[in-house]
Amino acid sequence: MPKPAYARTPWEQSTAASAQALPEPGRQPVYVTQPALPELEAFLPYLQEIWGSRMLTNGGTMHQRLEAALCAYLGVEHLSLFCNGTQALITALQAAGLSGEVITTPYSFVATAHSLLWNNLTPVFVDIDPHTLNLDPTRIEAAITEKTTAILPVHCYGHPCDVAAIRAIAERHGLKVIYDAAHAFGAQDTGGSLLRHGDMATLSFHATKVFSTFEGGAIVCRDEATKRRIDQLKNFGLSADGTTVELTGTNGKLSEIHAAFGLLQLQGVDEALEKRRRIDQRYRAGLAGIAGIHCICGVAEAVANHAYFPILVGPEFGLSRDALFAHLAAHNIHGRRYFQPLISGLPMYRGYPSASAGNLPVAHQVVEQVICLPIYPDLDHATVDFIIGLIAGAAA
Ligand code: T4K
């Protein structure tokens, strides 16, 4: 396959040229993220190959190649591709054979908890750590009952959970651990990929993610037998010879066109991660001296993926979080207040006893303070400086 040139297409060049001509970066809307795309022409040979084979889905060669390429890139042994991260999560929980209650975080995208309801499992919300914004392991044991079968933590914003503490608790109580690693593509702790932790870890390859296949996702598991079961579950539960149906599976397959795009994207992912790292550094340096602005850092991260750039707006800042958010939006800078509202506050979750505000004080405080600032590979440094200037100016 040809190597994609991450140069700009004629269309991108024309929009970039007009953007450069603007006197002020804030004139064009800047969103929380934007996918990095290779040149359109670089995708054509992949399409030609698909057209030639007439294999469009059901585990064709693009699918097989992407599974192998991702295993090699991520340093994991067993990975099964999915049509999206939500379906991967639902299937991982199903493959784990869980029942009863599962401990999870209220501070995530709603897909995390929805995957439990799709499996008839009861979510039990536990508060988050104020530094990592991930499940606080010191609060997990108090939430375990005789019905608890698993823990579903999230490496929120790609920052690692306290995996050692969670593993110790799970071992003590005989619980499974399924990590929602939707944000954690390419993130590593000192021992390697975050995806090696837990019984399984799931990824999202949505357009807004660090690595994208337009829509897509994956389950990383520990052994060949589990991978075979997952592959069967994502293909309706069909038997290997296709003559009968052995499991109540779903259609979770990733098509050849999505897999092909993944192969192309993977070639540019290191460059994309490096560009994110530089933007992250620039934000941190520029925001460092501003009272009341706190940049979240991963704890014990060896390699961060800079999937998000969350800041907390504290009381010492001159404006409230919402006033700062509106101030940025007025200058066409559209951050996001991920993850407000908390999952525990949504209609289908607020009735659970663990969803009470009293049980989740840290999550409630953080969610009132957070703004995820724009970060994506093609975000130019002048715009980053403009955003920093807006925040500094608002504080004055
Ligand atoms: N677990 C966790 C922890 C997750 O965060 C997610 C998904 C999942 C599981 C489930 O994975 P998937 O089933 O989605 O694979 C987005 C994404 O839709 C969602 O994937 C993601 N998490 C969540 C955190 O964010 P929205 O509603 O914020 O997306 P949207 O459409 O407002 O996009 C944000 C910005 O990105 C837009 O303002 C513009 C830009 N954008 C977006 C798209 C879709 C583009 O430039 N191009 C695009 O194609 O949910």
Side-chain angles (χ1 to χ4, degrees), residues 11-12 15 28-37 80-93 102 104-119 123 125 128 132-135 152-161 178-185 187 194-195 198 200-220 234 250-255 258 261-262 265 272 276 305 307-310 325 328-329 332-343 346 363 367 370-379:
W11 180 84
E12 285 171 321
T15 51
Q28 285 196 336
V30 175
Y31 298 106
V32 67
T33 191
Q34 184 187 80
L37 292 176
S80 181
L81 289 170
F82 272 78
C83 55
N84 59 57
T86 305
Q87 205 59 51
L89 203 45
I90 291 171
T91 306
L93 295 168
V102 175
T104 193
T105 170
Y107 193 83
S108 180
F109 190 59
V110 70
T112 308
H114 274 1
S115 68
L116 295 172
L117 296 194
W118 276 103
N119 278 284
F125 298 108
I128 56 170
T132 64
L133 312 188
N134 290 325
L135 261 187
L152 173 59
V154 178
H155 297 299
C156 193
Y157 305 132
H159 298 316
C161 292
I178 316 297
Y179 278 102
D180 180 344
H183 303 169
F185 185 97
L194 293 190
L195 304 170
M200 284 176 247
T202 65
L203 286 159
S204 166
F205 303 150
H206 183 257
T208 54
K209 297 297 190 289
V210 164
F211 168 79
S212 162
T213 56
F214 283 39
E215 290 272 4
I219 302 177
V220 173
K234 82 175 179 196
T250 185
N251 182 356
K253 292 170 278 127
L254 188 76
S255 84
H258 292 89
F261 186 75
Q265 277 294 76
R276 284 178 178 275
N305 67 4
Y308 296 85
F309 196 85
F325 185 79
L328 293 171
N332 249 337
I333 304 299
H334 303 282
R336 290 297 275 265
R337 287 165 283 197
Y338 292 131
F339 288 99
Q340 191 175 46
L342 293 175
I343 297 175
L346 298 171
V367 88
V370 70
I371 303 179
C372 288
L373 297 177
I375 186 164
Y376 50 87
D378 294 334
L379 182 63

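All ligand and atom numbering here is 1-based and tracks the order in the structure. Worth knowing before you read on, the calculation uses all heavy atoms, side chains too, and leaves out hydrogens, waters and symmetry mates.
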For ligand 1, which atoms sit closer than 4.0 Å to a heavy atom of [X]?
X      : result
Pro35  : 45 (C), 46 (O), 47 (N)
Tyr308 : 24 (C)
Ser108 : 3 (C)
Gly216 : 15 (O)
Ser204 : 11 (O), 12 (P), 15 (O)

Specify the protein heavy atom at minimum distance from [atom]: its residue, its atom name, and the distance to 0.1 Å.
atom                    : value
atom 41 (N) of ligand 1 : Thr33 O, 4.2 Å
atom 6 (C) of ligand 1  : Phe109 CD2, 3.4 Å
atom 35 (C) of ligand 1 : Val32 CG1, 3.9 Å
atom 18 (O) of ligand 1 : His206 CE1, 3.1 Å
atom 1 (N) of ligand 1  : Asp180 OD2, 2.7 Å
atom 49 (O) of ligand 1 : Ala207 CB, 3.5 Å
atom 29 (O) of ligand 1 : Tyr338 OH, 4.2 Å
atom 13 (O) of ligand 1 : Thr86 OG1, 2.6 Å

- Any nitrogen or oxygen of Arg336, main chain or side chain, under 3.5 Å from a nitrogen or oxygen of ligand 1?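 N/O-N/O distance below 3.5 Å exists for this pair.
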- Does any N or O atom in Gly85 lie less than 3.5 angstrom from one in ligand 1, N or O only?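 Checking ligand 1 against Gly85, an N or O pair does fall under 3.5 Å apart.
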- Should one rank Gln34, Lys209, Glu215 by closest heavy-atom distance to atom 20 (O) of ligand 1, which comes out on top?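 Selected option, by shortest heavy-atom distance: Lys209.
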- Task: Select the closest option to atom 33 (O) of ligand 1 among Thr208, Thr112, Thr105, judged by heavy-atom distance.
- Result: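 The option holding the nearest heavy atom is Thr208.
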Could you check whether any side-chain N or O of [X] sits under 3.5 Å from a backbone N or O of [Y], counting only pairs where one atom can act as donor and the other as acceptor?
X      : Y      : answer
Thr112 : Phe109 : yes
His155 : Cys161 : yes
Asn134 : Cys156 : yes

- Evaluate the 4.0 Å heavy atom contact test for atom 31 (O) of ligand 1: does a protein atom fall under the cut-off?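 It does not: no protein heavy atom is found less than 4.0 Å away from atom 31 (O) of ligand 1.
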Using the ring of each side chain (for Trp, its six-membered ring), is [X] parallel, tilted or perpendicular to [Y], with breaks at 30° and 60°?
X      : Y      : answer
Phe214 : His258 : perpendicular
Phe205 : Phe211 : perpendicular
Tyr31  : His334 : parallel

- Test Tyr107 against His159 for ring pair (Phe, Tyr, Trp, His ring centres under 6.0 Å), laying out the working first. CA-CA 13 Å; Tyr107 193 83; His159 298 316; over 10 Å; no
- Item | Structural part of Phe214 in contact with ligand 1, heavy atom criterion under 4.0 angstrom |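 Within the 4.0 Å criterion, Phe214 makes no contact with ligand 1.
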- Query: If every non-hydrogen atom of Tyr338 is compared with every non-hydrogen atom of Tyr157, which pair is closest and at what distance?
  - Reply: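 Shortest heavy-atom contact: O-OH, 2.7 Å.
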